[in-house]
Amino acid sequence: MAKKREGGGRSRTQQAAKFLGVSVLSGAVLAGIALPAAGALGLVAKTSVEGFDDIPANLKTPPLSQRTTILDADGGEIASVYSRDRTVVALKDMSPYIQKAIVAIEDARFYQHGAIDLKGIARAVNKNAQSGGVSQGASTLTQQYVKNVFIEEAGDDPDKVAQATQQTLGRKVKELKYAIKLEEKLGKRKILQNYLNITFFGEQAYGVESAAQRYFSKHAKDLSVEEAALLAGIVQSPTRYDPVNHPQAATARRNTVLKRMADLKAISRSEADAAAARPIKLKISRPQNGCITATDGAGFFCDYVREVLLNDKAFGATREVRSQRWMQGGLTIRTTLDRQSQKAIQASLSQHVYADDPVAGTGAVVQPGTGKILGMGQSRPYGFGTNQTQINLSVNRKMGGGAGYQPGSTFKPIIAAAALEQGIGPDQQYSSPFKMAYPKPVQTCTGTWNGDDTVNNEDPKEVGPYDMKEATAKSVNTYYVQLISDMGICPAVTMAQKMGLQRADGKPLKQVPSMALGGQEMSPLNMAAAYATFANEGTYCSPVAIESITDAQGKALNVPTSRCHSAMSKKTANTVNTLLKGVVEDGTGKQAGLKGRDSAGKTGTTDSRYAAWFVGYTPNAAGAVWVGDPRHQRQMYNITIGGVPHDKVYGADTPGPIWRDMMSGALAGRPAPALPTVPIGDPKGKGDDANKGKPHAPKPPKPGNGDKPGGGWHIPGFPDILGGGDGGW
């Protein structure tokens with residue numbers, strides 16, 4: 001920092017700066033602004049004297065807007081996002097030709113003059129006076145760099161950009177003073193490096209590295225002499241000299257640059273002539289901006305990563321600041337996405353549910369023990385066109401999803417886990433008639449439930465008594481209604497919360513017995529993470545999508561981590577494993593079973609068939625598949641999905657095969673450990689006597705309106721729903 005001399009006067013540097021500012025400003029401004037010569041010199045000089053000292057000494061340079069790159073778990077690129085496509089590189093990573101070319105055509109005396117080129121100003125003023133306008137400018141590379149800083153600071157606001165580029169005396173005064181200071185502070189090579197990184201080269205490319213990639217699909221350090229000359233020529237007018245749309249004008253401009261380089265002996269005359277004789281050879285790399293460009297259906301996962309960043313204050317105090325960081329911060333985000341799993345998810349969905357089907361399908365896979373999201377996909381591609389969507393059907397509304405979908409019988413294992421934790425054994429039997437009234441009253445966390453309604457099973461032949469194993473395999477509704485009524489609703493709510501389950505719309509879980517049948521909307525990602533708890537011996541880990549983030553300077557940032565805690569005992573988790581292995585081996589989920597590896601899971605279908613599910617797991621992956629109408633309007637009766645006609649859709653016959661194929665692909669070539677289980681014996685007999693000596697004997701059902709048309713159950717404020725039953729529910 002320049003020091004004041006004794007007595008408070010200016011230092012020599014400050015005196016020189018002011019002298020230069022006042023003495024040359026008149027000519028400099030006239031060289032760049034079309035003003036009448038008469039009277040202008042006095043006006044400019046007066047303005048410069050009064051305003052020069054008021055300008056801050058140091059130019060505040062905002063971080064250059066750079067692309068954010070999203071990577072998969074192995075470092076492969078998923079997508080990049082940016083408001084300005086720029087990659088900042090050091091001067092050593094730029095071809096010497098581009099350095100020579102830009103100096104030759106934009107500021108030939110760059111290394112001889114200071115911040116202001118007095119000879120250039122005199123020449124420009126004389127030529128402009130003769131032409132009566134601005135036919136020639138005299139801005140040095142340093143001044144041009146300062147102007148680009150003003151533009152960068154304006155961002156994408158058109159009004160601010162206009163202010164940053166307007167031809168006014170005030171802006172020119174600022175530009176000149178900052179240029180003087182920068183020459184003093186940075187030196188020529190750093191200024192040249194900054195200029196080549198900030199300037200616009202057309203075709204959405206900012207900085208020479210992005211320009212080299214855009215036009216030639218190579219790095220800036222590898223540019224040939226003719227390629228460098230082409231890029232240097234574009235800077236004066238990126239539209240006029242655009243080689244993509246105006247190749248003849250671009251060629252002529254390139255040759256002008258080459259001639260100028262030869263005149264200045266930056267290259268030899270023969271080298272310039274040979275380069276000028278060669279035609280332009282472009283190898284265009286089109287801009288790939290945004291999650292919409294992600295391959296293998298990973299656009300929705302990419303969008304989820306964006307939502308994680310936008311919702312976390314660790315990345316900025318406001319959502320606007322966080323959004324700017326996402327678009328301009330030059331972040332490198334390594335995610336948890338496993339490319340093999342992602343491809344398998346998308347391939348299975350595309351095979352079984354077509355994009356133009358009347359319903360959609362979605363799948364999500366997480367890793368037990370870590371919470372890592374291995375992939376998520378949808379049958380309708382990420383986009384804005386017909387049969388496309390930007391709504392991530394796998395996640396909660398807060399994270400870019402919808403209101404969720406009733407999970408039906410896939411919620412029953414949560415009820416089973418809660419009961420087991422309360423000491424109710426898997427051999428507990430209930431009468432489980434085909435149709436019954438809801439038992440009441442039922443204890444909640446805050447009081448009691450005393451509603452009136454009925455529930456029935458899918459098949460009239462489903463008549464108990466059943467124990468927990470058989471009732472789970474057959475997905476018997478009346479068994480689970482008796483079970484939750486017996487133990488109370490609060491343990492079920494508590495267990496759901498411990499397993500990370502919440503309504504997709506963000507509202508609290510309603511404490512009603514019908515929650516046993518999956519009547520409250522959930523997201524597939526949350527269901528997959530909840531089931532991973534069983535695979536992980538009772539420990540729940542919240543889902544995470546990000547492994548690490550580094551900023552543009554390579555500094556590591558803190559990222560959200562999975563939060564793991566015990567949701568149930570190992571014995572409970574292993575007992576549920578036994579129950580759900582029975583579903584895929586002998587129950588409603590046989591069509592979802594995997595060959596050559598242990599798996600467990602549960603089917604689910606809602607009443608009126610607005611949604612069908614399969615949620616399951618192995619020791620090393622848990623996945624959820626949902627099929628239905630996101631708008632909750634199309635019932636899945638007499639419908640064709642993926643080219644297969646259905647009289648009515650079950651969780652087993654559509655989501656089940658999708659789950660089987662996506663998990664088979666995701667786990668191909670990977671270890672196949674066994675699920676830990678516990679032995680559960682078959683009941684010794686049926687009938688009321690089978691319950692003797694068992695804990696928590698069932699309460700007798702109370703009379704109710706068992707003749708409700710249409711079957712199922714109904715509670716005011718809830719849609720009709722069947723949690724499941726024989727035949728794939």
Side-chain angles (χ1 to χ4, degrees), residues 1-2 10-33 35 41 44-45 47-64 91 99 102-125 128 134 136-154 160-161 163-200 206-207 232 235-236:
M1 180 176 178
R10 295 185 180 85
S11 69
R12 290 183 179 180
T13 300
Q14 290 172 321
Q15 291 176 13
K18 183 174 182 183
F19 172 76
L20 280 173
V22 174
S23 61
V24 307
L25 188 58
S26 300
V29 172
L30 284 177
I33 303 176
L35 289 176
L41 295 178
V44 175
T47 303
S48 64
V49 171
E50 293 175 350
F52 198 79
D53 284 338
D54 295 332
I55 300 171
N58 295 313
L59 174 66
K60 292 182 179 179
T61 56
L64 290 184
L91 204 61
Q99 299 176 44
I102 204 74
V103 169
I105 199 64
E106 290 294 322
D107 188 359
R109 299 184 64 256
F110 176 63
Y111 292 106
Q112 284 76 50
H113 61 64
I116 301 168
D117 184 3
L118 299 179
K119 288 184 179 179
I121 289 171
R123 182 179 63 251
V125 169
N128 291 346
V134 182
Q136 186 174 51
S139 291
T140 64
L141 276 182
T142 309
Q143 290 172 264
Q144 291 181 48
Y145 168 63
V146 172
K147 183 174 72 173
N148 274 290
V149 169
F150 294 157
I151 295 171
E152 186 73 17
E153 191 174 25
K160 291 181 179 179
V161 171
Q163 292 174 15
T165 56
Q166 62 185 340
Q167 296 282 3
T168 65
L169 299 178
R171 189 186 65 77
K172 277 290 180 182
V173 169
K174 276 187 178 182
E175 185 182 291
L176 288 168
K177 181 167 184 179
Y178 287 140
I180 293 169
K181 286 293 181 181
L182 284 176
E183 289 268 349
E184 202 174 72
K185 181 180 179 181
L186 299 181
K188 293 293 187 180
R189 286 181 60 79
K190 183 66 173 177
I191 289 171
L192 179 60
Q193 175 181 296
N194 290 358
Y195 176 81
L196 284 168
N197 275 315
I198 200 172
T199 199
F200 180 51
Y206 289 81
V235 170
Q236 186 184 79

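- A distance of 10.5 Å separates NZ of Lys181 from NZ of Lys185, quoted to the nearest 0.5 Å.
- In terms of the salt bridge (Lys or Arg N to Asp or Glu O under 4.0 Å) criterion, Lys190 has no residue partners (sequence neighbours excluded).
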Stepwise side-chain contact (heavy atoms from CB on, under 4.5 Å) check, Tyr178 with Phe150: CA-CA 11 Å; Tyr178 287 140; Phe150 294 157; 3.7 Å; yes
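- Annotation for Ala104 and Ala108: closest pair O-CB, 4.0 Å, computed over non-hydrogen atoms.
- Contacts of Gln99 classified as side chain to side chain donor-acceptor pair (under 3.5 Å), with partners at least two apart in sequence or in another chain: none.
- Between the side chain of Glu152 and the main chain of Leu64, no donor-acceptor pair closer than 3.5 Å is present.
- Between atom CG of residue Asn148 and atom CG of residue Asn197 there is a gap of 11.5 Å, rounded to the nearest 0.5 Å.
- Partners of Phe200 under the ring pair (Phe, Tyr, Trp, His ring centres under 6.0 Å) rule, at least two apart in sequence or in another chain, are Tyr206.
- In terms of the side chain to side chain donor-acceptor pair (under 3.5 Å) criterion, residue partners of Asp107 (sequence neighbours excluded) are, by chain and number, His113.
- Tyr195 places none of its side-chain heavy atoms less than 4.5 Å from the side chain of Val146.
- Taking OH of Tyr145 as the reference point, atom OG1 of Thr140 lies at 13.0 Å (rounded to 0.5 Å).
- Considering only residues two or more places apart in sequence or on other chains, Glu183 meets the side chain to side chain donor-acceptor pair (under 3.5 Å) condition with Thr142, Lys188.
- Contact detail for Gln143 and Ile116: the closest heavy-atom pair is OE1-CA, 4.4 Å.
- One finds the OG1 atom of Thr199 at 8.0 Å from the CD1 atom of Ile151 (value rounded to the nearest 0.5 Å).
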Full working for side-chain contact (heavy atoms from CB on, under 4.5 Å) between Leu192 and Ile102: CA-CA 9 Å; Leu192 179 60; Ile102 204 74; 3.6 Å; yes
